Amino acid sequence: MEKIKAVRGTKDILPHEVNKWQFLENKAREIFSLYGYKEIRTPIFEEISLFVRGIGQGTDIVRKEMYVFDDRKGRKLCLRPEGTAGVMRAFLEHNLADNSITKLFYTGPMFRYERPQAGRYRQHTQIGVEAIGSAEPSLDAEVISLVYNYFILAGLENIQVELNSVGCEKCRGKYKDILKEALAKNVTAFCPDCQERFNLNVLRMFDCKIPECQNFLNEAPKITDAICPDCQAHLAEVKAHLDLLKINYKMNPRLVRGLDYYTRTTFEIIFSSLGSQNAIAAGGRYDKLIHELGGDEIPGIGFAMGVERIVLALDSIGKKWPEMSSLEVYNIAVGSQKAYEYLFELTNKFRQSGISCEIDHRQRSLKSQLKTADKLKAKRVIILGDQELEKGIVLLRSMNTGVQREIKFEELFDLVKKEVLP
RNA sequence: GUGGCUGUAGCUCAGUUGGUUAGAGUACAAGAUUGUGGAUCUUGUUGCCGCGGGUUCGAGUCCCGUCAGCCACCCCA
């Protein structure tokens, strides 16, 4: 029989490492709530058209990376490749708009059919944030400070914030025309990929890593110079507010995100030692997206973080992850069935009072049970054998100090309870 | 989707120019004290040598294919 393995690009998060994901999620809940964000959970599959309209028809994600399928009634569905579109759909569907800014966060799996690599999976976990209802540049800075502070508090310090503006609907279009005009005479000198990008989405040419292409682009007009006065002013205000918060950032006029919905501010958080998959969070403003999905003209801004990449980053700097919940009591019965039954019941009593407790069901030797207790990192052990049974006592052993006391049956439960839950 | 590297015990990895029953460390189990863990020592268990085909008297070792992981591109979190 051939073994069935996890499908390509997916992975199991095993019990000994799941605490890392839990830590990052809990940290997010804790910090996001300080900023007023409420959790939202949306389905992991949606209609294809949501992403075609939201992310954009010409993007790689929509063109070749979505897991699409028909359901039994022929509905055109797909696994969500990202979180923002679904959250916006829910925002519209349930009329979540109010006078103030609607602040939402989500966490969960995203799916993209890509060639797997370390830090790039076909199913990966994202934690994301959306702030809907304001076009104020100070909100951009607040959102960037949120990611930034999250990483600091999670213990990841060597991060880089990269910032850019891709302009608004109007001036971006103009810039694209200017850029095309400037590059047109040399198109054939670019690499085949770039030539395709030239027609599909000129802006993406900036992402090319081939030196020859970059040389041409160095002479091309910069987007930050070409955007309209309003967008310039917006960017200037974002920078001013970031300075106010003392957040270091680097302008990167080549930072062009691969999702069409971005307008004005775009940013990325880089952890450079991760190799080519070094963006651990990214986001930007999307002032036209909600309108694009059939709503009013409501501006918004958000970002998403890649949990698996953050785990890689934190592991690489030797992060000490919080231990999983420890075991308070390990019950060891030796010899008679009567001792086992007594402890079996006691185990249940401890658990009912909220004290973690474990017992060996196999009646093994005292030695091997103690070894197990040690491996489970039990704080204390209760030993009950024939000798103790006769005297009406148990042995209460502290696993840290090795100190062992004789405790009467009738005092045992309250004494342990007092120690564990003071 | 393109190019490259790798694939041997649960984990980390040896395995000589193809040669007989495939190794180490670690982990696991038992024992060294017939009722006392963490250290040390002893012993033991664990392998479709990723999968399929080919060359050969003989393949973990060579060749082809395939699958998977990794690296770069691409893309992105």
Side-chain angles (χ1 to χ4, degrees), chain A residues 1-11 14 16 24 55 59-65 80-84 107-129 147 191-194 196-197 201 204 207-210 213 255-259 266-271 274-283 302-313 330 332-336 339 364-389 395-404:
Chain A
M1 278 283 267
E2 210 167 299
K3 277 187 214 157
I4 299 175
K5 296 183 293 180
V7 316
R8 184 159 153 90
T10 69
K11 66 173 211 151
L14 299 171
H16 71 270
L24 291 172
I55 302 173
T59 60
D60 280 24
I61 294 180
V62 168
R63 281 166 60 224
K64 43 194 185 193
E65 294 178 3
R80 62 181 184 195
E82 59 101 52
T84 301
T107 160
M110 305 297 163
F111 305 84
R112 288 179 207 169
Y113 190 92
E114 296 179 277
R115 182 127 167 202
Q117 221 172 299
R120 185 165 76 179
Y121 306 98
R122 290 183 175 178
Q123 173 177 342
H124 72 280
T125 315
Q126 283 189 14
I127 300 175
V129 148
V147 220
C191 70
D193 281 340
C194 278
E196 200 189 332
R197 292 187 192 110
N201 183 356
R204 294 217 58 80
D207 282 343
C208 190
K209 283 167 192 162
I210 297 168
C213 296
L255 179 67
V256 179
R257 318 250 57 252
L259 293 81
T266 59
F267 60 94
E268 229 169 63
I269 314 293
I270 307 285
F271 187 77
L274 280 187
S276 59
Q277 258 60 54
N278 61 5
I280 52 175
F303 68 82
M305 311 188 283
V307 179
E308 285 75 13
R309 287 183 187 177
I310 300 170
V311 169
L312 287 175
Y330 190 86
I332 298 180
V334 192
S336 74
R364 292 145 75 223
S365 72
L366 174 60
K367 190 182 184 116
S368 42
Q369 291 197 59
L370 267 165
K371 272 190 180 176
T372 307
D374 187 50
K375 234 179 312 177
L376 295 174
K377 295 199 171 80
K379 287 185 187 151
R380 56 183 74 68
V381 148
I382 290 170
I383 302 168
L384 179 57
D386 296 334
Q387 295 166 28
E388 291 78 22
L389 209 57
L395 300 176
L396 181 61
R397 180 184 179 84
S398 157
M399 292 298 274
N400 290 333
T401 63
V403 174
Q404 202 161 280

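So you know, we letter chains A, B, ... as the sequences are listed, proteins then strands, and number each from 1. As the structure is a computational prediction, the values presented were derived from the model and not from experiment.
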Note to self: Output the rounded distance in Å from CG (A:L14) to C1' (B:C11).
What the structure shows: 12 Å
Please write out each protein N/O paired with an N/O of nucleotides 68-70 of chain B under 3.5 Å, distance rounded to 0.1 Å.
from, atom 1, to, atom 2, distance (Å)
B:G69, OP1, A:G9, N, 3.1
B:G69, OP2, A:R8, NH1, 2.6

Margin query: From CD of A:Q277 over to C1' of B:C75, roughly how many Å is that when rounded to an integer?
Written below: 8 Å
Margin query: Once pairs are restricted to Watson-Crick or G-U wobble with both distances under 3.5 Å, how does RNA chain B read as a dot-bracket string, [ ] for crossings and | for other-strand pairs?
Written below: (((((((..((((.....[...)))).(((((.......))))).....(((((..]....))))))))))))....
Item checked: Atom-pair distance (CD1 on A:I61; P on B:C75), nearest Å -> 11 Å
Margin query: Please report the distance separating the P of B:G65 from the corresponding atom of B:A24, rounded so that it comes out in whole Å.
Written below: 36 Å
Checklist line | A:R112 CZ - B:C76 P separation (whole Å) | finding: 8 Å
Next item on the list: Classify the nucleic acid contact of A:E82 as base, sugar-phosphate or nothing, counting any heavy atom under 4.0 Å across all strands shown.
Entry: nothing
Margin query: Walk along nucleotides 34-45 of chain B from 5' to 3' and tag each nucleotide B, S or - by protein heavy-atom contact under 4.0 Å, base first, then sugar-phosphate.
Written below: -BBBB-------
Note to self: How close do A:G402 and A:R397 get, counting heavy atoms only, and between which atoms?
What the structure shows: O-NH1, 3.5 Å
Next item on the list: Sticking with atom C1', work out how far B:U8 lies from B:G47, rounded to a whole angstrom.
Entry: 8 Å
Item checked: C1' gap between B:U6 and B:G60, integer Å -> 15 Å
Note to self: How many whole angstroms separate atom CD1 of A:I269 from atom C1' of B:C76?
What the structure shows: 15 Å
